[in-house]
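Beneath this line is the structure, given in C-alpha cells, with notes to follow.
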Amino acid sequence: MSQLEICRKFLKAVLPELDFTKLKIVDQSHLKTDYLSKAGRLDIHCTDAYGNQFDIELQMTNEHNVAQRSKYHHALMANHMLTAGEKYQALKATCVIFLCPASLTDADQAVTHYEMFSKQGNHLNDGTHTLILNASGSWAGVSDELKGIFQLLLRQPSSFGKLGPQIMAKIDEIKHSKTGGRKYMELTGAF
C-alpha cells in the first residue's frame, strides 16, 4: 500500500466518490503529541489535495479494540492539522480504514461505514469516518477491485479486478528481490 499508484487505486476502490489524483503517502507514520503520550503508528498515512487525511490499517487479528483504536487514530491525525490560533473550522476530514480478513464487529457486511450520529439520528458532520473492510463479509454490491483485495486477505488467488493481481505481482517482485526477499524472510520468521 505504500506504493503511490496502488494506494491511490485502493482508496478509489473504497471511496469512489472522492478525488485522489493528488495524494501524499507517509508509510509507518509516527504521530506523537508530547513526551508522555502514547505514540500512535499509522500503517499508511495519506493526505489528499484538500488536506483530508486517511489512515489505512491492515488488521489481521481481532484485538477487540477497533472502536478505541479508531478514536485514537482520528485524534492523532486531527491533532496535527491545526497550528496555534487556527480556527477549528480549518480541520479537514479524517478517515480510518481497517482492512481485515474477518469481522472486527458484529456486522456481516464486507464494507461498514461509521460516522457520528445523535441518538435522534441527526448527523454531526464532524468529518470523521471509520470504514471496516471485512473480507469474510457479504460481497454483495462490492466492486471487483475490492473483491480482488479481499481474496488476497483470505490467501486466495486474486481473480477479481486488476488491483488484486497488481498487488500480488508487486509482492512477488519484492519477495524475489535481494533486499526485499531478505526482509520478507525475516518478517515471515518473526510471525
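Everything numeric in this text was worked out from a predicted model, so none of it was measured.
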Inset, instruction - State whether the side chain of N65 and the backbone N or O of Q68 hold a donor-acceptor pair below 3.5 Å, judged by distance alone. - result: no

Inset, instruction - Using ring-ring contact (aromatic ring centres under 6.0 Å, His included) as the criterion, list what pairs up with F117, not counting sequence neighbours. - result: H123

Legend entry - Partners passing side-chain contact (heavy atoms from CB on, under 4.5 Å) against A93 (at least two apart in sequence or in another chain): N52

Legend entry - Close side-chain approach of Q53 and D48, heavy atoms under 4.5 Å: no

Inset, instruction - Can you see which heavy atom on L152 is nearest to which on G164, and at what distance? - result: CD1-O, 3.4 Å

Inset, instruction - Mind listing the closest non-hydrogen atom pair of I174 and S177 along with its distance? - result: O-OG, 2.9 Å

Inset, instruction - Could you pull out all residues at least two apart from Q120 that satisfy side-chain hydrogen bond (donor to acceptor under 3.5 Å, both in side chains)? - result: S118

Legend entry - Minimum heavy-atom distance F160-P165, with the two atoms named: O-CD, 3.9 Å

Legend entry - From CG (N122) to CE (M116), nearest 0.5 Å: 13.5 Å

Inset, instruction - May I have all residue pairs that pass side-chain hydrogen bond (donor to acceptor under 3.5 Å, both in side chains) and include part of residues 92-104, sequence neighbours excluded? - result: H74-T94

Inset, instruction - Provide the closest heavy-atom pair for A13 versus L146 in the form atom of the first, atom of the second, distance. - result: O-CD1, 3.9 Å

Legend entry - Flag side-chain contact, heavy atom, 4.5 Å: I97 against L133: yes

Legend entry - From R69 atom CZ to L104 atom CG, the distance as rounded to the nearest 0.5 Å: 8.5 Å

Inset, instruction - Looking only at non-hydrogen atoms, find the nearest pair between N62 and H64 and report the distance. - result: OD1-N, 2.8 Å

Inset, instruction - Indicate yes or no: at least one non-hydrogen side-chain atom of I44 is less than 4.5 angstrom from one of D55. - result: no

Legend entry - Heavy-atom side-chain proximity of T130 to F98 below 4.5 angstrom: yes

Legend entry - Q109 side-chain N/O to V111 backbone N/O, donor-acceptor pair under 3.5 Å: no

Inset, instruction - Kindly write out the residues that satisfy side-chain contact (heavy atoms from CB on, under 4.5 Å) with T83, not counting sequence neighbours, or none if the list is empty. - result: E86

Inset, instruction - Applying ring-ring contact (aromatic ring centres under 6.0 Å, His included), name anything that partners F20, two or more places apart in sequence or on another chain. - result: F54

Legend entry - Note, V66 side chain near I132 side chain (heavy atom, < 4.5 Å): yes

Legend entry - Pairwise distance CD1(I167) to CG(D172) - rounded to 0.5 angstrom: 12.5 Å

Inset, instruction - Sort and list the pairs that fulfil side-chain hydrogen bond (donor to acceptor under 3.5 Å, both in side chains) and have at least one residue in residues 6-24, not counting sequence neighbours. - result: E5-R8, K9-Q166, D19-T21, D19-Y50

Legend entry - Pair listing, salt bridge (Lys or Arg N to Asp or Glu O under 4.0 Å) test, anchored in residues 159-170, at least two apart: K170-E173

Inset, instruction - Verify side-chain contact (heavy atoms from CB on, under 4.5 Å) between I149 and L99, making sure each step is shown before the conclusion. - result: CA-CA 9 Å; I149 292 169; L99 183 58; 4.1 Å; yes

Inset, instruction - Enumerate the residue pairs fulfilling side-chain hydrogen bond (donor to acceptor under 3.5 Å, both in side chains) with a member in residues 135-145, sequence neighbours excluded, ordered by first and then second residue. - result: none

Legend entry - Flag side-chain contact, heavy atom, 4.5 Å: N134 against T112: no

Legend entry - Intermediate values then yes/no, side-chain contact (heavy atoms from CB on, under 4.5 Å), I56 and L11: CA-CA 9 Å; I56 304 167; L11 287 171; 4.0 Å; yes

Inset, instruction - Could you tell me which residues satisfy side-chain contact (heavy atoms from CB on, under 4.5 Å) with D108, sequence neighbours excluded, listed by chain and number? - result: none

Legend entry - Within-4.5 Å side-chain heavy-atom neighbours: L131 and V96: no

Inset, instruction - Keeping the roles fixed (side chain from D43, backbone from L58), state whether a donor-acceptor pair exists under 3.5 Å. - result: yes

Inset, instruction - Measure the SG-OH distance between C95 and Y114 for me, rounded to the nearest 0.5 Å. - result: 13.5 Å

Inset, instruction - Using a 4.5 Å cut-off on heavy atoms from C-beta on, say whether the side chain of L163 contacts that of I6. - result: yes

Legend entry - Pairwise side-chain hydrogen bond (donor to acceptor under 3.5 Å, both in side chains) hits with a residue in residues 150-161, at least two apart: Q151-S159

Inset, instruction - If you link ILVMFWY side chains whenever their heavy atoms are less than 4.5 Å apart, which other residues fall into the same cluster as M81? By chain and number, please. - result: L82, Y88, L91

